[in-house]
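This report concerns only the one structure given below.
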Amino acid sequence: GDSVTQTEGQVALSEEDFLTIHCNYSASGYPALFWYVQYPGEGPQFLFRASRDKEKGSSRGFEATYNKEATSFHLQKASVQESDSAVYYCALSANNNNRIFFGDGTQLVVKP
Amino acid sequence: EAAVTQSPRNKVAVTGGKVTLSCNQTNNHNNMYWYRQDTGHGLRLIHYSYGAGSTEKGDIPDGYKASRPSQENFSLILELATPSQTSVYFCASGGRGSDYTFGSGTRLLVI
């Protein structure tokens with residue numbers, strides 16, 4: 001079945017460090033891929049999506065590129081800030097499907 | 001502004017009691033979802049709905065019922081609450097193939 005795997009359960013960085021959170025997926029065809037962010041005490045928020053191979057999604061300095069060959073959609077940011085501390089979820093929606101499948105989430109902790 | 005509103009924000013329930021969590025959306029989305037979030041498990045889908053009058057089982061439906069009386073409202077019902085259902089519950093709405101809008105969550109403690 002459709003699934004998303006996030007390798008890191010937690011990532012700890014200092015301000016201005018480069019961020020990568022790894023996301024790999026399993027699905028047939030070309031699913032839509034998403035990143036969501038969840039701040040403490042809030043619900044997850046949509047960050048961005050990509051729907052085609054090699055398409056780049058981006059928002060608030062974060063970006064990820066759809067890689068069909070590697071079945072990946074890794075989240076990156078060039079210079080993290082303490083305010084980026086949150087849980088990040090990778091997700092997918094298979095073609096013609098009403099469901100979004102979420103990964104287990106990655107806790108990002110950024111120290112000043 | 002379109003939104004998803006959950007109530008109550010916090011709830012303490014007694015084991016064996018009935019609990020109803022409510023969700024209202026103003027996005028005019030056909031689809032609505034109930035998730036629970038626990039440490040180490042991420043977001044797990046309990047029930048979802050494609051429109052008024054419809055409910056579907058998600059990945060962990062046991063012990064839960066759902067009700068969708070209208071486009072805007074979607075409830076999650078725990079007929080006999082147990083301590084294992086202590087969790088944070090999120091409601092979301094979404095269109096076909098589109099992203100979701102989540103509510104702020106309901107923190108449920110079953111004692």
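Below, chains carry the letters A, B, ... as their sequence lines are ordered, and counting in each starts from 1.
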Original post:
Is chain A contacted by the side chain of B/Y100, its backbone, both, or neither, given a heavy-atom distance below 4.5 Å?
Top reply: both
Subject >> Cluster check B/Y33, B/L21: I/L/V/M/F/W/Y, side chain < 4.5 angstrom >> reply: no
Original post:
Under 4.5 Å between any side-chain heavy atoms of A/R99 and B/D59, yes or no?
Top reply: yes
Subject >> Most chain B-contacting option - heavy-atom pairs closer than 4.5 Å, from A/G41, A/G105, A/G43, A/P44 >> reply: A/P44
Original post:
With the 4.5 Å side-chain cut-off for hydrophobic clustering, are B/M32 and B/V88 part of the same group?
Top reply: no
**OP:** State plainly whether one hydrophobic cluster holds both B/L76 and B/L43, where clusters connect Ile, Leu, Val, Met, Phe, Trp and Tyr through side-chain heavy atoms under 4.5 angstrom apart.
**Re:** no
**OP:** Give, as side chain, backbone, both or neither, the part of A/Q38 having an atom under 4.5 angstrom from any heavy atom of chain B.
**Re:** side chain
**OP:** Examine whether an atom of B/Q6 lies under 4.5 Å from a heavy atom of chain A, and if so say whether it belongs to the side chain, the backbone or both; otherwise answer neither.
**Re:** neither
Original post:
B/D99 and A/I100: which non-hydrogen atoms are nearest, and at how many Å?
Top reply: CA-CD1, 4.1 Å
Original post:
Would a hydrophobic clustering, with Ile, Leu, Val, Met, Phe, Trp and Tyr connected at side-chain separations under 4.5 Å, put B/W34 with B/F102?
Top reply: no
Original post:
Taking atom NZ of A/K68 as the centre, does the number of heavy atoms from other residues, nucleotides or ligands within less than 6.0 Å exceed 12?
Top reply: yes
Subject >> Separation of B/Q37 CD from A/Y89 OH (nearest 0.5 Å) >> reply: 3.5 Å
**OP:** State whether the number of non-hydrogen atoms from other residues, nucleotides or ligands found under 6.0 Å of B/R107 atom CZ is greater than 12.
**Re:** no
